[in-house]
Protein chains: 2
Amino acid sequence: MTGTEVATPAGRPPVMTDVARRAGVSHQTVSRVLNGHPSIRPETRERVQRAIDELGYRRNRAARALVTRRTLTVGVVASSTSLFGPSSTLHGVERAAHAAGYATILSTSDATDRDGVLARVAQLSDRGVDGLLLTAPLHEVPDLREHLPADLPTVCATGGPVTGLPSVHVDHRAGARAVTELLLRQGHREVRHVGGSPGWFEAAEREGGWRDALAAAGVAPAPVLAGGWGAAEGYVAGLALADDPATTAVVAANDQLALGLLRALRERGVDVPRRVSVTGFDDAPESAYLSPPLTTVRQDLERVGREAVGLLLERLAGGVATAPEHRVVVPELVVRASTGPPPR
Amino acid sequence: MTGTEVATPAGRPPVMTDVARRAGVSHQTVSRVLNGHPSIRPETRERVQRAIDELGYRRNRAARALVTRRTLTVGVVASSTSLFGPSSTLHGVERAAHAAGYATILSTSDATDRDGVLARVAQLSDRGVDGLLLTAPLHEVPDLREHLPADLPTVCATGGPVTGLPSVHVDHRAGARAVTELLLRQGHREVRHVGGSPGWFEAAEREGGWRDALAAAGVAPAPVLAGGWGAAEGYVAGLALADDPATTAVVAANDQLALGLLRALRERGVDVPRRVSVTGFDDAPESAYLSPPLTTVRQDLERVGREAVGLLLERLAGGVATAPEHRVVVPELVVRASTGPPPR
DNA sequence: ATACATGGTACACAAGTCACC
DNA sequence: CGGTGACTTGTGTACCATGTA
């Protein structure tokens, strides 16, 4: 912290015995002070502490890790970290882990690629992380559990529950159902859907929620428009929808898609929300400032990250492998100006 | 990788001597194989390798770090990781570091807070990272160099050059000058500026570039509108500008601000670009899909991250402290439909 | 005789911990 | 309370002796 490198006369960074010598105590006593052993006279403790400060002594992490078999590090395997969702989750993870004294090693794996993810996991395991947090889309790997190191506590913060692993996830289905129901309530007789990237649990669940709501209302779902997570895909879908006079409402799988949709509809002179209502999913910070402000579903992803870390810390502390717990975070409908009753 | 935990008969994970025993060689030979020592018979090498595979042996990172004094880990101190800019840089950093065999420990420090950053640095240093990469806004710390651990290779990937440290940064000034010049060329007699968050080098430099261009054209700069990095601040600025008939062009310090501006102007019935031209900075993925598509400045931040890692790796390998190098990444003007000639 | 390939031993790295006084 | 000494964690490595080609 001071920048000036305090060291022993010998020139090398101080070690525990240097502290002991300086404080006039033994190796053992310094260790007791450092690890909060009860039977240490306050005066001794203070003398040791002073020696530590004067020498600028810092415990060597590697040596501790070697003997304690703990690194106070958790590995995080994530994908698509440039997207708003994943990056929010990661932020929550990093903060919560840091607050608990753990560092996070992030390893991004670009694809929905099972072997890629497993390779990252192996690398992190080799690095000696105490636990593992997965946020990559993994629903395609039903036997994931068997492919992970058995002795490495692991939790998921993904789109949905993962077989055999504790996980935290948002109830995307409920969120999508809620927006769709909103539109139906406002009088729309048909609601279209622009899907997220194939292979993502989030995409499948949101589509599922949309279907659920339609089914409950007795409306037959029109074909899903092939999508993705970006504005470009939304734009393409929007151009297609603009030419269809029957369309009065569109549920997009995320806000970026909705942004692209809005652009395409405006370009074609289709008024939102008077002729077509549009909704998103995520509530990205800028979605309140689109034209018109976007009706969407807010999901507290930082909380998902926090809770996932909490779950992991429980495993790290408890040691006992209780049944895998699945925590569900409920999203919240945010109604803005991009939705309204259909034209008559 | 297999998930089945291969271990010695004793039940504990295999260590080097287990491999040696199994291969019928010595401790020393295994080590030589592992570290690529030249004088090893191919046949022996193979026998050792087979033993390693059969036992599922993995070298213990902590033990290696203890003796080699290298962890193959770099620490990254970042702030505002939820913003598009920082998160792009981080992505480049993570990928480049991973490709070079280094893991990254991310430590986010929320504020433009010098002590906060230094605390993160100290924690990472204690963790035994081999090098440090700073992406937090740090121009306020002219004597930063003296406050950092002297023996820890450190580079910056920030808004601008940092005294005494190697760094990679985008030439924000040139970027801002280029957009401003574009507007002047198109005939605008006055160009306003909505600034970024105070305390950020990026914000200061972009404002500087705007001023430079105006000065070169002999135009007196109107007061900067207080800003930030979010759409909300842009919206506020936009409401103020909408009422000013003299305003025909606005340079925003980033795309989010521009998005807020567009929203406010549309709300007030001000046509973009026919009455007012608007530009951003960043070229976020969705900026091509705003209405109208945003003229902006693209900066290759992933490259900034990559190059910063490259600089760091040089220091880690070379050892020799050459003069701090500053690499500058030149941004690129992206002209879209949000700009045009002023109304006559 | 001269490389090369390997074994054996010993110690270092820095901290944690146990038994005993 | 706290000192002493010995031993542990898993690798890296220097040194020196061997054996083989």
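Here is the naming used below: chain letters follow the sequence lines, and residue numbers restart at 1 for every chain. Predicted model, so just to flag it, every value in this text is computed and none were measured.
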Main-chain N/O of B/Val121 paired with B/Ser125 side-chain donor or acceptor, under 3.5 Å: no
Rounding to a whole Å, what distance do you find between B/Ile40:CD1 and C/dA3:C1'? 15 Å
Take atom CG of A/Leu66 and atom P of C/dA14, then tell me their distance rounded to the nearest Å. 12 Å
For B/Tyr102, the option from B/Val129, B/Asp130, B/Thr71, B/Val93 that meets side-chain contact (heavy atoms from CB on, under 4.5 Å): B/Asp130
Rounded to whole Å, how long is the line connecting atom CZ of B/Arg61 with atom P of D/dG12? 11 Å
Would you classify B/Gly24 as touching base, sugar-phosphate or nothing, given that sugar-phosphate means primed atoms plus P, OP1 and OP2, and contacts are heavy atoms under 4.0 Å? sugar-phosphate
Atom-to-atom span, CD1 of B/Ile52 to P of D/dT11 - whole angstrom: 10 Å
Please tell me if B/Arg69 has a side-chain N or O lying less than 4.0 Å from either OP1 or OP2 of C/dA14. yes
Per-nucleotide protein contact along nucleotides 16-21 of chain C, 5' to 3', at a 4.0 Å heavy-atom cut-off (B base, S sugar-phosphate only, - neither), is BBB---
With a 4.0 Å cut-off, would you call B/Glu325 and B/Arg327 a salt bridge? yes
Below the 4.0 Å mark, does C/dC4 have OP1 or OP2 next to a side-chain nitrogen or oxygen of B/Arg41? no
Check the distance between C/dA5's P and B/Arg47's CZ and give it to me in whole angstrom. 14 Å
Strictly below 4.0 Å, N to O, side chains only: are A/Asp18 and A/Arg21 in salt-bridge contact? yes
Quick one: B/Arg21 CZ to C/dG8 P, roughly how many Å, whole number? 13 Å
Taking Watson-Crick and G-U wobble pairs with both distances under 3.5 Å, convert DNA chain C into its dot-bracket string, 5' to 3', dots for unpaired and | for cross-strand pairs. .||||||||||||||||||||
Given atom NE2 of B/His37 and atom P of D/dT13, what is their separation to the nearest angstrom? 11 Å
Is it the case that over 12 heavy atoms from other parts of the model lie below 6.0 angstrom from the CZ atom of A/Arg59? yes
